[in-house]
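Below is one structure; the comments refer to it alone.
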Amino acid sequence: MTLRVYNSLTKKKEEFVPVEPGKVKMYVCGVTPYNHPHIGNARPFVTWDVIRRYLEHKDYAVRHIQNFTDVDDKIINAANAEGVTWDIIADRYIKAYFEVMDKLNIRRAHLYPTVSGHMAEIIAMIEKLIADGYAYVVDGDVYYSVEKFADYGKLSGRSLDDMKAGARVDVDERKSHPMDFALWKSAKPGEPSWESPWGPGRPGWHIECSAMSAKYLGHGFDFHGGGSDLVFPHHENEIAQSEAFAGGGPFVRYWLHNGFITVNEEKMSKSLGNFFLVKDILAHYPPEVLRFFILSTHYRSPLNFSDEQLAEAGRGLDRLRAAVDNMKYLAGTTVARGGSDASQALLAAAARARADFDAAMDDDFNTALAISVLHGLAKEINIYYSAVMAGKVPVAGEAIASVQAAYYELADILGLLVAERMGGSPDVVGAAPVQDTTAPALLDLIVEIRQEARAKKDWATADRIRDRLGELGYVIEDSPQGARWKKREV
RNA sequence: GGCGGCAUAGCCAAGUGGUAAGGCAGAGGUCUGCAAAACCUCUAUUCCCCAGUUCGAGUCUGGGUGCCGCCUCCA
């Protein structure tokens, strides 16, 4: 099966062909660390984490680079407001970034290059752009001359004339074209600065990604992504810089952009002030619920956030988790063993789910459809579970193990159900298992006693035990095969 | 003003021109001592509206309407 991806540059779905067979090089625009990440920030990283997981599932060796823009006005402003240096702010929020993204089970990129760590590369790139006539120096600032780059506007689909006409900002008279953008900004008093051939200053916003992607991935790498608000001007400018620098294109083969998270149908952003911090959401919901919520919509579509939607996502995720519980229970149960037509049907369902899942993901990473495949398999598992619990079919241990493996494997591509597989806590996806052997033993004992009460038709005692355990967060389920307890889902 | 995107049930949401996935919520049923869980059935004669192309359109074309985004920092 071939992977097809929607390329923002061509505005079409295209078959994915890597530059080098078997390898994928991807660069994802990271955050400017000046505040705690909000959930709008979380979407691209969950999305790219799944993209990477799926590519690795397809046996590609993935090289994943994601930057931190640690030299920036917003950081400088935050630092001045607090009376600390810029690096204190950047370090603090880089830590904050990792703290929540780790909880969301986002695998770390192979490298997180920073602007401050790549001044030499950035300056060298600017020097060449000047030497080649694509940039000019004015009073210690360096600007990129958009008119020198014939393809300017090809990503965002706009022409220089359109932009000149629609310019809403006061034009700096020193620029030769209103859309020319800064490659290097001369230092103003009190700002952090670095030495350069044009005097002390700091890089413009866009040049870092051109310089760092070139260093770590080379020219013409496979995937470049980020939020769709980065299409213009950020990515447009990156193309202009990198293709001018390299003397040709393409800078990037496939551009992928995720849609926004909205609140009341409006874009969630720090500047609008309508954002929810990830850490605050995680105080009320398990991280996996947020992750599931994000993946329940195709990455290019807008995703409206609300408490109700998140709760609904949680209930949908519970269904997937319940199927895991049922499989685990069957695997550990003592009911009669042996194969059956039902177990054959279950194995067939698992094989079908694998194929359907891949087909969904091959179609531009359709996670919403992939989740529905998982729901379909969950249903098959539950049908089998019901049949076993009703005493209609024996348990086929090998079938269960095989289906469980398939289920976990698919869930893992989405980065879900990690706690179920690892036996960890749902509070931190992927956390170390909590080994508490006493509580299960006690619960087994209590359930056993309750079964004796039930055998004597002492319903009052049986119900009291069930009610009291319910208050403690444990659910009792009776069946012809006996009673089982489980911890109530969050 | 320029450029782009989206409109599918009560809610979320997928959908390759061939007769509307999945989830949540809701109703009924099976099972159960009662529950719970699970399962079964039902819940869009129809995909914003109007034309057109086609044997056939949620899917293509044109025109409306509404919403959103980018054009300024933004994932």
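All heavy atoms count here, side chains included; hydrogens, waters and symmetry mates do not. Letters A, B, ... are given to chains in the order of the sequence lines, protein chains preceding strands, and every chain is numbered from 1.
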Take atom CZ of A:Arg464 as the centre, draw a 6.0 Å sphere, and report whether it contains more than 12 heavy atoms from other residues, nucleotides or ligands. no
Could you measure between the two P atoms, the one in B:rC3 and the one in B:rU19, and give it in whole Å? 38 Å
So is A:Lys13 actually on top of A:Tyr6's ring, under 6.0 Å and inside 45° of the axis? no
I want to confirm an ordering. Mapping A:Met268 and A:Leu317 to their closest nucleotides on RNA chain B, which one lands closer to the 5' end? A:Leu317
Under the 3.5 Å Watson-Crick or G-U criterion, the dot-bracket string of RNA chain B, with | for inter-strand pairs: (((((((..(((.....[...))).(((((.......))))).....(((((..]....))))))))))))....
Should A:His177 and A:Ser145 count as side-chain neighbours, where that means a heavy-atom distance under 4.5 Å? no
Side-chain donor/acceptor pairs under 3.5 Å, residues 372-379 of chain A, sequence neighbours excluded:
residue  : atom : partner  : partner atom : Å
A:Ser372 : OG   : A:Leu369 : O            : 2.7
A:His375 : ND1  : A:Ile371 : O            : 3.4
A:His375 : NE2  : A:Gly316 : O            : 3.2

Considering only nitrogen or oxygen atoms on both sides, find all protein atoms under 3.5 Å from nucleotides 11-14 of chain B and state each distance.
residue : atom : partner  : partner atom : Å
B:rC11  : O2'  : A:Gln309 : NE2          : 3.1
B:rC11  : O2   : A:Glu312 : OE2          : 3.2
B:rC12  : O4'  : A:Gln309 : OE1          : 3.4
B:rA14  : OP1  : A:His298 : N            : 3.1
B:rA14  : O3'  : A:Asn366 : ND2          : 2.8

Checking all strands, does A:Gly259 fall into the base, sugar-phosphate, or nothing category for heavy-atom contacts under 4.0 angstrom? base
Interface polar pairs with nucleotides 28-33 of chain B, N/O, under 3.5 angstrom:
residue : atom : partner  : partner atom : Å
B:rG33  : N1   : A:Asp463 : OD1          : 2.9
B:rG33  : N2   : A:Asp463 : OD2          : 2.7

Pairing residues for A:Asp444 by the side chain to side chain contact (heavy atoms under 4.5 Å, CB included) criterion, not counting sequence neighbours: A:Trp485
Using a heavy-atom cut-off of 4.0 Å across all strands, would you classify A:Gly40 as base, sugar-phosphate, or nothing? base
Excluding sequence neighbours, so at least two apart, what forms side chain to side chain contact (heavy atoms under 4.5 Å, CB included) with A:Glu82? A:Val84, A:Ile89, A:Arg92
Which sits closer to the 5' end of RNA chain B, A:Glu380 or A:Glu266, going by the nucleotide each is nearest to? A:Glu380
Could you tell me whether A:Leu374 contacts a base, only the sugar-phosphate backbone, or nothing, with contacts defined as non-hydrogen atoms closer than 4.0 Å? nothing
If you compare every side-chain N and O of A:Asn382 against the phosphate oxygens of B:rC39 (OP1, OP2), does one of them come in below 4.0 Å? yes
Is there a side-chain polar atom (N or O) of A:Asn41 under 4.0 Å from OP1 or OP2 of B:rA75? yes
Give me the one residue out of A:Asp467, A:Asp458, A:Asp478 that meets salt bridge (charged side-chain N to carboxylate O under 4.0 Å, His left out) with A:Arg450. A:Asp478
Considering only side-chain heavy atoms of A:Asp229, which listed nucleotide, B:rC39, B:rA38, B:rA75, is closest? B:rA75
With A:Lys74 as reference, evaluate A:Thr69, A:Asn35, A:Thr32 under the side chain to side chain contact (heavy atoms under 4.5 Å, CB included) test and give the passing residue. A:Thr32
Parallel, tilted or perpendicular, judged at 30° and 60°: which one describes the rings of A:Phe221 and A:Tyr27? tilted
Can you identify which nucleotide, out of B:rC39, B:rC70, B:rC24, has its nearest atom closest to the A:Phe232 side chain? B:rC70
Students often mix this up, so state it plainly: with edges at 30° and 60°, are the rings of A:Phe276 and A:Phe305 parallel, tilted or perpendicular? tilted
